[in-house]
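Have a look at the structure below before the remarks.
Quick note: residue numbers are just sequence positions, from 1.
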Amino acid sequence: MSQNPSPDELFFTRSGMDEGRVATLVGDALTGADDGELFMEYRQAEALAFDDGRLKTASYDVTQGIGLRRVVEEATAYAHASELSEAAISRAAGTVRAVDGRAGTLAAAPSGTNQAFYDDVNPLAEMSFDAKVKLLQDIDAYLRDKDDRVRQVSASLMATWQVVAIVRADGSTATDVRPLVRLNISAVAADGDRMETGSQGTGGRVLYKEFVQPDRWQAQADEALRQAVVNLDSVAAPAGEMPVVLGPGWPGILLHEAIGHGLEGDFNRKKTSAFSGLLGERIAAPGVTVTDDGTINDRRGSLTIDDEGTPTSNTVLIEDGILKGYMHDRMNARLMGHEPTGNGRRESYAHQPMPRMTNTCMMAGTEDPAGIIASVKKGLYAVNFGGGQVDITNGKFVFSASEAYLIEDGKVTRPVKGATLIGNGPDVLTKVAAIGNDMEMDSGIGTCGKAGQGVPVGVGQPTLLVNPLTVGGTEAA
């Protein structure tokens, strides 16, 4: 058998299933339904973690299984099994037929584009185990030798190779082979009794070789150390309303959480989103254009097809401040009278698809980033973010900044610690006062959670001025 088997080899040759019989089972299971599909998955995954000078954990897993879904109007039946066999599909078919109802007209299968946005090579087979461990050792030694303030180094490598096949009632099958890798580095630096942490990660739908060259991983290690050292000099964050400048790239996670989820189709069909019923209306300042683009080559959030077999797209959500569209899977698009956008995603064969983001980005404007900062007399410059919470029904959010600075008289000055940004997504969009010309994507580390499912995503944005925004801190502004 080949080291890099094809979807046909994995799902039919190796399993002993017959493609024609599988199609018949799916067709029978979906008779009278409005929609549905068989989702088959094979996944290899590995993770290595190096901590405190030694290899702490190493894991390798293979998972495989099927999930069969039958949709009638708004009702869904879903059955899954952790095996690839006709018997498992037959049992699942008997279960999903419990959702009956009227005799629906089965929705047509999505049309393919034959366009792939990443290679199908398996990254787990690219490097030997010893080479991966040595890389983590080299990162640890590099940081400890670089600065005597380093007290602890953690580094990890993760990779998955996922193969999926979506079989529809008409016998059509769409397949995708999805590599995904990630390198994470964190460093703890100390000055006297004070200790601070910095972290940096990178990844994408590529091979390890994209990130394990010394110039690449050393740049990531340097960035983690820089953040830790910066935080050693941080002072208490101010509190109150003030202008906030958001840096490019990863700060787009605020856009993803505070605004993106509210533009997913299910929330808007159910009218639980703050953006429900606002298509065609102004919801943001002029110049604000937001897209969800699953077609960017090699990006962490990109997909050739979504988990229903629909090709992904570059979906315009907001254009020059006007709400233009939502992100849809097949069911919510059908019920709302819209077209699917290729945003039907699931964590694995054991989960049902739902509308999810891919790479959510705000487009660049025309302002010089330095000029944006220079325009602020007293405010906050937020460069990196940690965790946050969002209520999609009203858009209210709280985000913690892991790296932020004071802006004083138009200049970035002292780093601050403990800054949180508080507001709501619809309000923030209207307060965007300047948009930089420096749009960047994040470094490839995002994972989005929704309804207990996690999927890889990307974010991006240019430098933004939001005036004003509530900052939570321990010092009065």
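Classification of Glu83 and Arg91 as a salt-bridged pair holds, one side-chain N sitting under 4.0 Å from a carboxylate O. Salt-bridge formation is not detected for the pair Arg14/Asp8: no Lys NZ or Arg NE/NH1/NH2 atom is positioned less than 4.0 Å from an Asp or Glu carboxylate oxygen. Between Arg330 and Asp35 there is a salt bridge, since a side-chain N of the basic residue sits under 4.0 Å from a carboxylate O of the acidic one. Using a 4.0 Å cut-off between charged side-chain N and carboxylate O, Glu46 and Lys132 make a salt bridge.
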Problem set entry | From CA spacing to verdict: salt bridge (Lys or Arg N to Asp or Glu O under 4.0 Å), Lys134, Asp138 | CA-CA 6 Å; Lys134 184 179 184 304; Asp138 289 346; 2.9 Å; yes
For this session: Begin from the C-alpha positions of Arg144 and Asp140 and carry the test side-chain contact (heavy atoms from CB on, under 4.5 Å) through to its verdict.
Result: CA-CA 6 Å; Arg144 293 181 187 277; Asp140 181 87; 3.1 Å; yes
Problem set entry | Test log, rule side-chain contact (heavy atoms from CB on, under 4.5 Å), inputs Leu157 and Leu136 | CA-CA 8 Å; Leu157 274 175; Leu136 299 176; 4.2 Å; yes
Problem set entry | side-chain contact (heavy atoms from CB on, under 4.5 Å) between Val471 and Thr420, intermediate numbers included | CA-CA 6 Å; Val471 177; Thr420 58; 5.9 Å; no
Exercise. Step by step, would you call Val459 with Glu257 a side-chain contact (heavy atoms from CB on, under 4.5 Å)?
Worked result: CA-CA 10 Å; Val459 297; Glu257 294 287 0; over 6 Å; no
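His80 meets the side chain to side chain contact (heavy atoms under 4.5 Å, CB included) test with Tyr78, Tyr349, Ala350; sequence neighbours excluded. The ring pair (Phe, Tyr, Trp, His ring centres under 6.0 Å) check on Tyr118 picks up nothing, with sequence neighbours excluded. Legend: residues meeting salt bridge (charged side-chain N to carboxylate O under 4.0 Å, His left out) with Glu210, ordered by chain and number and at least two apart, are absent. Looking at residues two or more places apart in sequence or on another chain, you find a salt bridge (charged side-chain N to carboxylate O under 4.0 Å, His left out) between Asp266 and Lys450.
Between the CE atom of Met195 and the CG atom of Asn231 there is a distance of 13.0 Å, given to the nearest 0.5 Å. Atom CE of Met158 is separated from atom OG of Ser59 by 10.0 Å, given to the nearest 0.5 angstrom. A distance of 8.0 Å separates OG1 in Thr289 from CE in Met363, rounded to the nearest 0.5 Å. Taking CD1 of Ile259 as the start and CE of Met362 as the end, the distance is 5.5 Å to the nearest 0.5 Å. Distance check, rounded to the nearest 0.5 Å: CG of Asn359 to CD1 of Ile296 gives 4.5 Å. The distance from atom CZ of Arg356 to atom OG1 of Thr358, rounded to the nearest 0.5 Å, is 11.5 Å.
Remark: side-chain polar atoms of Asp215 are not paired, donor with acceptor, to backbone N or O of Gln218 under 3.5 angstrom. The backbone N or O of Leu84 sits nowhere less than 3.5 Å from a side-chain atom of Gln64 that would complete a donor-acceptor pair. In this structure, Asp306 contributes its side chain and Thr310 its backbone to a donor-acceptor pair below 3.5 Å. Between the side chain of Ser273 and the main chain of Phe267, no donor-acceptor pair closer than 3.5 Å is present.
Under the 4.5 Å side-chain criterion, counting only non-hydrogen atoms from C-beta, Tyr42 is not in contact with Val164. Looking at heavy atoms from C-beta onward, Ile253 lies in side-chain contact with His256 at the 4.5 angstrom threshold. A heavy-atom distance below 4.5 Å is not found between the side chains of Thr63 and Ser82. Between Leu421 and Leu246, the closest side-chain pair of non-hydrogen atoms falls below 4.5 Å. Side-chain contact between Phe39 and Arg346: present, with at least one pair of heavy atoms (C-beta onward) separated by less than 4.5 Å. Between Asp442 and Arg299, some side-chain heavy-atom pair lies under the 4.5 Å cut-off. You'll find the side chain of Arg414 stays beyond 4.5 Å of the side chain of Ser234, heavy atoms only. Contact of the Tyr326 side chain with the His338 side chain is registered, since non-hydrogen atoms from C-beta on lie closer than 4.5 Å.
One side chain, Asn122 or Gln44, offers a donor N or O that lies under 3.5 Å from an acceptor on the other. A donor and an acceptor atom, one from each side chain of Glu403 and Asn384, are located under 3.5 Å apart. Remark: the Asp292 side chain and the Thr315 side chain contain no N/O donor-acceptor pair separated by less than 3.5 Å. Side-chain polar atoms of Asp293 and Thr291 form no donor-acceptor pair below 3.5 angstrom. When only modelled atom types and interatomic distance are considered, Thr341 and Asn343 share a side-chain donor-acceptor pair under 3.5 Å. Residues Arg178 and Ser302 bring no donor and acceptor atom of their side chains to less than 3.5 Å of each other.
Within a 6.0 Å radius of CD in Glu339, other residues, nucleotides and ligands contribute 12 heavy atoms or fewer.
Taking every heavy atom of both residues into account, Gly452 and Glu347 meet most closely at O-OE1, 3.7 Å. A pairwise comparison of heavy atoms in Ala88 and Ser85 identifies N-OG, 3.0 Å as the closest pair. For Ala451 against Met354, the heavy-atom pair with the smallest separation is CB-CE, 3.8 Å.
Applying the side-chain hydrogen bond (donor to acceptor under 3.5 Å, both in side chains) test to residues at least two apart or on different chains, the pairs with a partner in residues 453-466 are Asp438-Thr463.
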Under 3.5 Å, side-chain donor or acceptor atoms of residues 180-193 against the rest of the protein: list the pairs with distances, not counting sequence neighbours.
{"from": "Arg182", "atom 1": "NE", "to": "Asn184", "atom 2": "OD1", "distance (Å)": "2.8"}
{"from": "Arg182", "atom 1": "NH1", "to": "Ile445", "atom 2": "O", "distance (Å)": "2.8"}

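Using cut-offs of 30° and 60° on the angle between ring planes, the pair Trp217 and Tyr142 is perpendicular.
Checking each of Arg69, Arg345, Arg168 against Glu308 for a salt bridge (charged side-chain N to carboxylate O under 4.0 Å, His left out) leaves exactly one that passes, namely Arg69.
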